[in-house]
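In what follows, a structure is listed as structure tokens, so that the remarks can point back to it.
Side-chain atoms are counted along with the backbone in the values below, which use heavy atoms only and exclude waters and symmetry mates. If you read the sequence from its start, that first residue is 1, and numbering goes on from there.
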Amino acid sequence: MLLDGKTAIVTGASSGIGAATAAALAREGARVAGGARRVERIDAAVALPLDVTDRASSERFVADAVEALGGLDILVNTAGLALGRDPIWESTEEDERTVIETDVNGLMRMTRLCLPHIRDYGHIVNMGSIAGRQAYPNASSYVAAKFAVRGYTYALREDLLGRPVRITTVDAGLVETEFSVVRLRGDRAAADALYRDLPLGGACTPEDVAECILFAVTRPPHVNVDEIVVKALTQSSGARIHRN
């Protein structure tokens, strides 16, 4: 097993890409601590409650996870969300704050708290998005958040230059998860419609993205995969999806 003896923390581990990543790492031998608000849905060796927007929750999670794991080799920041598909003038300060607090501040907080515990030749993986590479309409707060994640990841690479810690950002496009249900405020029918009538094999799955993460963390120790961009074949950008 490629990760035998390694330990990992995965945020957002109760569903979607986070859950798939926790499963993929465990399959390759890693002992995984998963964190999420819905702790009862986490399938990992160590399952702990985590709200990345809350400082106390994050500090408690990291302390408990590192103690349970006996050290830390891999951090995968997948916790994130989007709210609404509205033009900027119809956005709300509450939604904007929630997205930035979760996708940016939460990721930065978890990275800062975990970094002192990451052993030599450890790895930090940040879940980005193609929204952080090219803007698309009616997604301003999410686009802003994911551009920030990409910038933060590269700033982290600069600050850690010379230290044996690898850093990767994975920018995914259309992936069928609960992401759109949350974004559309619980409207499952509307969310399901986004993934319907897609040719060429349809949307990516969480497992597809997890395999990309697994690839990055299993390269030789001297190799750093800076970024991975993964999209469904039926998608060229955040704004362009080919449908039947």
Side-chain angles (χ1 to χ4, degrees), residues 1-14 17-80 105-128 149 152-153 155-170 209-226 228:
M1 292 185 288
L2 295 171
L3 296 174
D4 192 28
K6 300 293 186 181
T7 59
I9 282 175
V10 180
T11 71
S14 62
I17 294 170
T21 299
L25 296 175
R27 186 185 72 230
E28 291 300 332
R31 180 169 167 81
V32 179
R37 288 175 296 178
R38 298 175 297 181
V39 68
E40 72 281 357
R41 295 182 57 176
I42 299 173
D43 184 7
V46 179
L48 297 167
L50 170 63
D51 179 355
V52 298
T53 69
D54 182 88
R55 176 181 172 181
S57 172
S58 300
E59 290 175 344
R60 185 166 54 251
F61 169 84
V62 172
D64 292 346
V66 171
E67 181 179 7
L69 294 173
L72 182 59
D73 298 296
I74 300 166
L75 166 64
V76 186
N77 285 307
T78 73
N105 295 346
L107 180 145
M108 293 171 67
R109 177 178 293 115
M110 288 301 300
T111 302
R112 174 168 35 79
L113 292 172
C114 287
L115 193 54
H117 303 286
I118 294 178
R119 293 184 280 232
D120 284 357
Y121 296 99
H123 205 134
I124 298 170
V125 180
N126 290 334
M127 196 66 222
V149 167
Y152 177 76
T153 303
L156 187 62
R157 185 89 160 83
E158 293 293 337
D159 284 358
L160 293 179
L161 184 64
R163 291 181 57 182
V165 177
R166 299 188 295 176
I167 303 161
T168 301
T169 180
V170 179
V209 181
E211 288 300 316
C212 292
I213 294 171
L214 190 62
F215 173 82
V217 302
T218 55
R219 295 310 88 204
H222 69 287
V223 176
N224 190 87
V225 179
D226 280 15
I228 296 176

**Report entry** Residue from Asp73, Leu69, Leu72 passing side chain to side chain contact (heavy atoms under 4.5 Å, CB included) with Lys6
**Finding:** Asp73
Query raised in the report: Just by modelled atom types, is the Gly71 backbone N or O under 3.5 Å from a matching donor or acceptor in the Thr7 side chain?
Result: yes
Requested in this report: Take Met110 and Leu50 through the test side-chain contact (heavy atoms from CB on, under 4.5 Å) and record every step on the way to the result.
Outcome: CA-CA 10 Å; Met110 288 301 300; Leu50 170 63; 4.0 Å; yes
Report summary line: Distance col, row Ser14:OG vs Arg41:CZ, nearest 0.5 angstrom, shows 5.5 Å
Report task. Any chance you could measure Ile74, atom CD1, to Ile118, atom CD1, to the nearest 0.5 Å? Result -> 9.5 Å
Query raised in the report: Side chains of Ile124 and Leu115: does their closest heavy-atom pair fall under 4.5 Å?
Result: yes
Query raised in the report: If you take all heavy atoms of Ala26 and Val32, which pair is closest and at what distance?
Result: N-CG2, 3.9 Å
Query raised in the report: Is a donor on one side and an acceptor on the other found under 3.5 Å between the side chain of Asn224 and the backbone of Ile167?
Result: yes
Query - Arg37 with Asp51: basic N within carboxylate O range, under 4.0 Å - result: no
Requested in this report: State, with a plain yes or no, whether a side-chain heavy atom of Asp54 is found less than 4.5 Å away from one of Val52.
Outcome: no
Query raised in the report: If you take all heavy atoms of Leu25 and Ala8, which pair is closest and at what distance?
Result: CD1-CB, 3.8 Å
Query - side-chain contact (heavy atoms from CB on, under 4.5 Å) partners for Ala216, two or more places apart - result: His123, Thr168, Val225, Ile228
Report summary line: dist Tyr152:OH -> Asn77:CG (nearest 0.5 Å) comes out at 8.0 Å
Query - Glu28 side-chain N/O to Met1 backbone N/O, donor-acceptor pair under 3.5 Å - result: no
Report task. Drop me the distance from Cys212's SG to Met127's CE, to the nearest 0.5 angstrom. Result -> 8.5 Å
Query - Test log, rule side-chain contact (heavy atoms from CB on, under 4.5 Å), inputs Leu48 and Val46 - result: CA-CA 7 Å; Leu48 297 167; Val46 179; 3.8 Å; yes
**Report entry** Where Gly12 and Ala79 come nearest, the two heavy atoms and their spacing
**Finding:** N-CB, 3.8 Å
Report task. Identify the two heavy atoms, one from Leu214 and one from Ala24, that lie closest to each other, and give their separation to 0.1 Å. Result -> CD1-O, 4.1 Å
Query raised in the report: When rounded to the nearest 0.5 angstrom, what distance separates OG in Ser58 from CE in Met108?
Result: 13.0 Å
Requested in this report: Report the C-alpha separation of Ile213 and Val76 in whole Å, then their side-chain angles, then the decisive distance to 0.1 Å, and conclude whether the side-chain contact (heavy atoms from CB on, under 4.5 Å) test is met.
Outcome: CA-CA 9 Å; Ile213 294 171; Val76 186; 4.2 Å; yes
Report task. Measure the spacing between CG of Leu156 and CG of Asn126 and express it to the nearest 0.5 Å. Result -> 7.0 Å
Query - Shortest non-hydrogen contact from Gly34 toward Ile42 - result: O-CD1, 3.5 Å
**Report entry** Cation-aromatic face contact Arg219/Phe215, 6.0 Å, 45 degrees
**Finding:** yes
Query raised in the report: Counting heavy atoms not belonging to Glu59, are there more than 12 under 6.0 Å from its CD?
Result: yes
Requested in this report: State whether the side chain of Arg166 and the backbone N or O of Val223 hold a donor-acceptor pair below 3.5 Å, judged by distance alone.
Outcome: yes
Query raised in the report: Does Asp226 CG have over 12 foreign heavy atoms under 6.0 Å away?
Result: yes
**Report entry** Salt bridge present between Glu211 and Arg27 (N-O < 4.0 angstrom)
**Finding:** yes
Query raised in the report: Going through the distances and angles, do Val217 and Val125 end up as a side-chain contact (heavy atoms from CB on, under 4.5 Å)?
Result: CA-CA 8 Å; Val217 302; Val125 180; 3.8 Å; yes
Query raised in the report: Just by distance, do the side chain of Arg31 and the backbone of Gly5 share a donor-acceptor pair under 3.5 Å?
Result: no
Report task. Taking Thr78 for its side chain and Thr11 for its backbone only, find out whether a donor-acceptor pair lies under 3.5 Å. Result -> yes
